[in-house]
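Written out below as structure tokens is the structure these notes cover.
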Amino acid sequence: MTFDTKAGGNMLAMHHEFAFSTEDFGRVRQMIAAYAGISLHERKENMVYNRLARRLRATGIGSFRDYLDQVEASGSGEREQFVNALTTNLTAFFREPHHFQMLAGKAKAAGRLRVWSSACSTGEEAYSAAIVLREAGCAGEILASDIDTEALATARAGVYRLDALEAAGLEHMRPHFLRGSGENARLAKARPELRALVKFAFRNLLARDWPAHERFDIVFCRNVMIYFDRPTQLALLDRLAAVLAPGGLLFLGHSESCASGHAAFRAAGKTSYARQ
């Protein structure tokens with residue numbers, strides 16, 4: 001339940017537990033833009049309140065103002081949790097299958113591929129790419145990175161509910177996963193030979209220490225740039241172009257087409273772009 005009242009000339013949202021002012025919300029928007037490049041819509045106030053209120057409860061901090069002070073404090077470990085709380089993770093095995101069909105074509109024609117799942121979330125995208133390489137008999141390696149450390153921990157573990165595999169076709173997935181037993185009967189874990197293809201790493205796509213010397217044949221960067229403003233999108237595309245080999249492919253999300261306006265890329269298929 002939310003009530004809006006005038007307080008000191010500013011709209012103040014009074015929720016069940018914590019007061020959440022327009023100044024607090026504005027500060028959150030500035031902070032997440034600075035830390036992760038995410039451009040929060042002005043209508044996301046309730047979402048922000050609900051997600052961050054969990055952190056206030058967990059830390060025992062009694063106000064949003066004090067909590068945000070803690071996030072901004074030098075050396076605060078809470079900044080990581082702040083970013084995790086405001087990061088949206090939506091993924092599935094072989095989501096947007098046309099990209100994996102293109103990857104399969106590349107894998108069959110190449111002896112080796114380097115693939116980057118740049119916003120790997122809980123790992124389904126990276127393991128899907130690894131399955132494609134295995135089935136094509138293509139040697140290679142996959143870098144799977146994310147800014148959300150909790151999602152990254154799930155990805156590293158490689159353990160998923162069986163229904164997630166069933167949605168992708170259990171017979172297709174069975175050779176690549178070990179099914180649990182007993183109380184873990186509805187879980188499955190990526191086989192060691194699949195996990196060996198994937199290296200996981202924390203990566204902030206907008207950080208200055210991004211290793212520009214890396215080169216990839218394929219980059220997945222799906223449903224990331226929809227959260228960025230246009231200047232940030234263009235800056236990221238510049239960086240992606242720098243690490244893609246000539247002729248390499250960039251895969252974007254189904255609602256993203258921003259690479260079509262960038263000189264380094266040409267359209268190569270549905271939400272797929274080739275490095276010029």
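Keep in mind the model is a prediction, meaning the values are calculated, not measured.
Rounding to the nearest 0.5 Å places CG of Leu194 at 7.0 Å from OH of Tyr127. Atoms CG and CG, on Leu133 and Leu103 in that order, are 5.5 Å from each other to the nearest 0.5 Å. One distance of note links CZ of Arg54 with CD of Gln81; it measures 12.5 Å at 0.5 Å rounding. From Phe82, atom CZ reaches atom CD of Gln70 across 12.5 Å, with rounding to the nearest 0.5 Å. For the atom pair OG (Ser145) and CG (Leu205), the distance works out to 6.0 Å, reported to the nearest 0.5 Å. Separation of atoms CZ (Arg230) and CE (Met225) is listed at 9.0 Å; rounding is to 0.5 Å.
Arg191 places a side-chain N or O within donor-acceptor distance of the main-chain N or O of Pro175, the cut-off being under 3.5 Å. Side chain of Arg114 to main chain of Arg215: a donor-acceptor pair is present (N/O by atom type, distance under 3.5 Å, no hydrogens or angles). A distance-only check finds no donor-acceptor pair linking the side chain of Asn184 to the backbone of Leu187 [under 3.5 Å]. Proximity of a side-chain donor or acceptor of Asp146 to a complementary backbone N or O of Thr122 within less than 3.5 Å is not detected. A donor-acceptor pair under 3.5 Å links the side-chain atoms of Glu256 to the main chain of Val224, judged by distance alone. Under the 3.5 Å distance criterion, the side-chain polar atoms of Arg112 are left unmatched by any main-chain donor or acceptor of Ala139.
Scanning all heavy atoms of the two residues, the minimum distance from Asp217 to Ala245 falls at OD1-CB, 4.2 Å. Between Arg156 and Phe202, the shortest heavy-atom distance links the atoms NH2-N, 4.4 Å. Across every non-hydrogen atom of Asp229 and Ser39, the tightest pair is N-CB, 4.1 Å. Residue Pro192 comes nearest to Leu178 through the heavy atom pair CD-CD1, 4.3 Å, listed as atom of the first residue, atom of the second, then distance. When every heavy atom of Ala144 is checked against every heavy atom of Ala126, the shortest pair comes out as CB-CB, 3.6 Å. Residue Leu165 comes nearest to Ala188 through the heavy atom pair CD2-CB, 3.8 Å, listed as atom of the first residue, atom of the second, then distance.
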Run the side chain to side chain contact (heavy atoms under 4.5 Å, CB included) check on Met31 and Glu72 step by step: do they pass? CA-CA 8 Å; Met31 290 165 65; Glu72 288 188 317; 3.5 Å; yes

Let me see the working for Asp148 and Ser121 under side chain to side chain donor-acceptor pair (under 3.5 Å), right down to the final yes or no. CA-CA 7 Å; Asp148 186 331; Ser121 185; over 6 Å; no

Pair Val28, Leu86 - check side chain to side chain contact (heavy atoms under 4.5 Å, CB included), show working. CA-CA 10 Å; Val28 169; Leu86 295 177; 3.8 Å; yes

Go through Leu240 and Trp116 one step at a time and tell me if the side chain to side chain contact (heavy atoms under 4.5 Å, CB included) criterion holds. CA-CA 10 Å; Leu240 293 176; Trp116 183 18; 3.9 Å; yes

Chi angles and distances behind the side chain to side chain contact (heavy atoms under 4.5 Å, CB included) call for Lys270, His99: CA-CA 8 Å; Lys270 183 179 180 182; His99 289 149; 6.0 Å; no

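Residue Val159 is not grouped with residue Phe177 when hydrophobic side chains (ILVMFWY) are merged at heavy-atom distances under 4.5 angstrom, including chains of intermediate members. By the criterion of side-chain heavy atoms lying less than 4.5 angstrom apart, applied directly or through intervening Ile, Leu, Val, Met, Phe, Trp or Tyr residues, Phe20 is grouped together with Ile61 in one hydrophobic cluster.
No hydrogens or angles considered: nothing links the side chains of Asn84 and Thr87 as a donor-acceptor pair under 3.5 Å. Residues His262 and Gln233 bring no donor and acceptor atom of their side chains to less than 3.5 Å of each other. In the model, His98 has no side-chain atom that pairs as donor or acceptor with a side-chain atom of Ser272 under 3.5 Å.
A salt bridge links Glu166 to Arg186: at least one charged side-chain nitrogen sits closer than 4.0 Å to a carboxylate oxygen. With respect to Glu78 and Arg55, a salt bridge is recorded, a charged nitrogen being found less than 4.0 Å from a carboxylate O.
Counting heavy atoms from C-beta on, the side chains of Asp69 and Arg27 come closer than 4.5 Å. Within the 4.5 Å cutoff, side-chain heavy atoms of Met47 are placed close to those of Leu40. Within the 4.5 Å cutoff, no side-chain heavy atoms of Cys120 are placed close to those of Val198.
Residues Tyr67 and Phe18 keep their aromatic ring centres 6.0 Å or farther apart.
Put simply, the residue from Phe220, Phe93, Phe251 that forms a ring-ring contact (aromatic ring centres under 6.0 Å, His included) with Phe100 is Phe220.
Arg134 CZ: more than 12 foreign heavy atoms inside a 6.0 Å radius.
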